[in-house]
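See below for the structure under consideration.
Every chain is numbered from 1 and lettered A, B, ... according to where its sequence line falls, protein lines coming before strand lines.
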2 protein chains.
Amino acid sequence: MRLNTTDLERLKGSLKQAGLKPTRQREHVLSVLLARRDHPTVEEVWQRSRTLSRGISLATVYNCLESFVESGLVKQVNYEREPTRYCPNLRPHAHFKDQETGRVYDIDLPNEVLIQLNSILPEGFRPEAIEISFHGRTKQQAS
Amino acid sequence: MRLNTTDLERLKGSLKQAGLKPTRQREHVLSVLLARRDHPTVEEVWQRSRTLSRGISLATVYNCLESFVESGLVKQVNYEREPTRYCPNLRPHAHFKDQETGRVYDIDLPNEVLIQLNSILPEGFRPEAIEISFHGRTKQQAS
DNA sequence: TTGATATTTAGAATGATTCCAATTCTTATG
DNA sequence: CATAAGAATTGGAATCATTCTAAATATCAA
Ligand SMILES: [Mn+2]
Ligand SMILES: [Mn+2]
Ligand SMILES: [Zn+2]
Ligand SMILES: [Zn+2]
């Protein structure tokens, strides 16, 4: 859970590269996201950040995550109108939500699938993003 | 916008078949959804229902739409955390949201695409539903 | 027709998120 | 290193889609 100096520097690099000032809170929130890639909600990120020495406010967790999304460091994941979840996986991927455990898994998207998906759009439709969400059950704790 | 007797009877049939009592309000809300398949929000369905003689409450619009969803007559469509939209198209289809106009279009899903999508899931993942949402721009008013 | 059950309704409550204004940081500059 | 301007953090208030409540109405099988 604690970052070594190398990881911390790399993380600061990510923030700077994204045009964000590397504050103590941002470093911590980002490290929380990278530590367990289980698509936590804001509330969950906040809980996991309580270990931070002087604490962190819920508003700041919202602000950090928002700035990460704007700068492309993380993506939001929504299921219906449940609290938004956050995902640091930048590869093209879909999500699968196990409706029994509530866990959300990453599903890698092969390029051929993306191509086939774009091919179903009528003439003149220019997609900028696509979101693919499964939900169902899973027999094993894969991925 | 007004239903003829034949349509009304068919609509009552749908409700009864779904195990729902065919009330004046449900008939009206469903007819509103079927009249313009443009994925209206609750608020929009409510506006379009003001023509109903004795009016209809917002709570009832929520209730009607919820009962339609539960009985499988309509589907919900969510984009981020915007107000939920409602769709009476029961064929397998994706959605495309034009970010300039806000309009949401239906995109038919060929069976081969569904099959390919299921094939990307790891062993043991049993999907019960899949949601596919594009957003971007569109050059023409197709669909 | 009538009673049991379901639906409708206005308004209150909820809860995730956003907004606000005051305080504290960060960092460029001298 | 000191300073100042802009950026980030913060607690609490505000927003707003949605859900809940409990009282009034409507539906329908018997
Ligand atoms: Mn977007
Ligand atoms: Mn579902
Ligand atoms: Zn993910
Ligand atoms: Zn649709």
Side-chain angles (χ1 to χ4, degrees), chain A residues 8-9 11-30 32 39-47 49-50 52-71 73-86 102 104, chain B residues 8-9 11-32 39-47 49-50 52-71 73-74 76-86 102 104:
Chain A
L8 183 62
E9 285 313 313
L11 199 150
K12 281 185 178 178
S14 295
L15 290 175
K16 173 167 282 188
Q17 200 171 350
L20 299 173
K21 297 209 164 107
T23 65
R24 180 175 58 96
Q25 291 89 340
R26 282 177 178 161
E27 285 160 14
H28 195 80
V29 168
L30 186 51
V32 162
H39 307 87
T41 62
V42 171
E43 229 18 83
E44 287 167 341
V45 171
W46 188 42
Q47 291 309 328
S49 301
R50 304 312 287 274
L52 192 54
S53 52
R54 295 203 288 327
I56 183 173
S57 75
L58 181 58
T60 298
V61 177
Y62 271 102
N63 289 340
C64 289
L65 291 171
E66 179 183 47
S67 64
F68 296 165
V69 170
E70 280 173 3
S71 65
L73 279 180
V74 315
K75 295 222 275 280
Q76 295 182 314
V77 180
N78 286 285
Y79 270 94
E80 321 255 300
R81 291 184 58 81
E82 292 171 9
T84 299
R85 297 170 176 281
Y86 292 84
V104 175
Chain B
L8 183 63
E9 284 314 312
L11 196 151
K12 281 185 175 175
S14 295
L15 291 175
K16 173 167 282 188
Q17 198 171 348
L20 299 173
K21 296 206 163 108
T23 65
R24 179 175 57 95
Q25 291 88 339
R26 282 176 177 162
E27 285 161 14
H28 195 80
V29 168
L30 186 51
S31 78
V32 162
H39 307 88
T41 63
V42 172
E43 205 64 45
E44 287 167 342
V45 171
W46 189 40
Q47 291 309 329
S49 301
R50 304 312 289 276
L52 192 54
S53 52
R54 281 178 345 288
I56 184 174
S57 76
L58 181 58
T60 297
V61 176
Y62 271 101
N63 289 340
C64 289
L65 291 171
E66 178 185 48
S67 64
F68 295 165
V69 169
E70 280 173 2
S71 65
L73 279 181
V74 315
Q76 294 182 315
V77 180
N78 287 285
Y79 270 94
E80 319 255 305
R81 293 185 56 82
E82 293 171 9
T84 298
R85 297 171 176 281
Y86 292 83
V104 175

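Both B:N63 and B:K21 lie near DNA chain C, and the one whose nearest nucleotide falls closer to the 5' end is B:K21. Both B:T23 and B:R81 lie close to DNA chain D; mapped to their nearest nucleotides by heavy-atom distance, the more 5′-ward contact belongs to B:R81. Nucleotides of DNA chain D nearest to B:T84 and A:G19 differ in position, and the one nearer the 5' end is that of A:G19.
Ranking C:dA16, D:dT18, C:dC19 by closeness to the B:P83 side chain, first place goes to D:dT18. With C:dT26, D:dA17, D:dG11 as the candidates, the nucleotide lying closest to the side chain of B:Y62 is D:dA17.
Contact check, A:T60 against D:dT9: no side-chain N or O comes under 4.0 Å of OP1 or OP2. Applying the 4.0 Å criterion to OP1 and OP2 of D:dA26, one finds that B:Q25 has every side-chain N and O outside that range.
Between the C1' atom of D:dC16 and the CG atom of B:L58 lies a distance of 12 Å, rounded to the nearest Å. In this structure, A:E82 places its CD atom 13 Å from C1' of C:dG15, rounding to the nearest Å. With rounding to whole Å, A:N78 atom CG is found 13 Å from D:dT18 atom P. The NE2 atom of A:H28 sits 17 Å away from the C1' atom of D:dT10 (whole-angstrom rounding). Separating the CD atom of A:E43 from the P atom of C:dT18 is a distance of 14 Å, rounded to the nearest angstrom. If you take CD of B:E27 and C1' of C:dA6, they are 15 Å apart, rounded to a whole angstrom. Whole-Å rounding puts the A:I56 CD1 to C:dT24 C1' distance at 14 Å. Rounded to a whole Å, the CG atom of A:L65 is 12 Å from the C1' atom of C:dT17.
The side-chain heavy atoms of A:H28 and A:T23, taken from C-beta on, include no pair separated by under 4.5 Å.
Between the side chain of B:W46 and the backbone N or O of B:A59, no donor-acceptor pair lies under 3.5 Å. Side chain of A:R85 to backbone of A:K75: no donor-acceptor contact under 3.5 angstrom is found. Put simply, the side chain of B:R81 never gets that close to the backbone of A:E80: no donor and acceptor are under 3.5 Å apart.
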The test is side chain to side chain contact (heavy atoms under 4.5 Å, CB included); show your working for A:E44 and A:H39 and say whether it passes. CA-CA 9 Å; A:E44 287 167 341; A:H39 307 87; over 6 Å; no
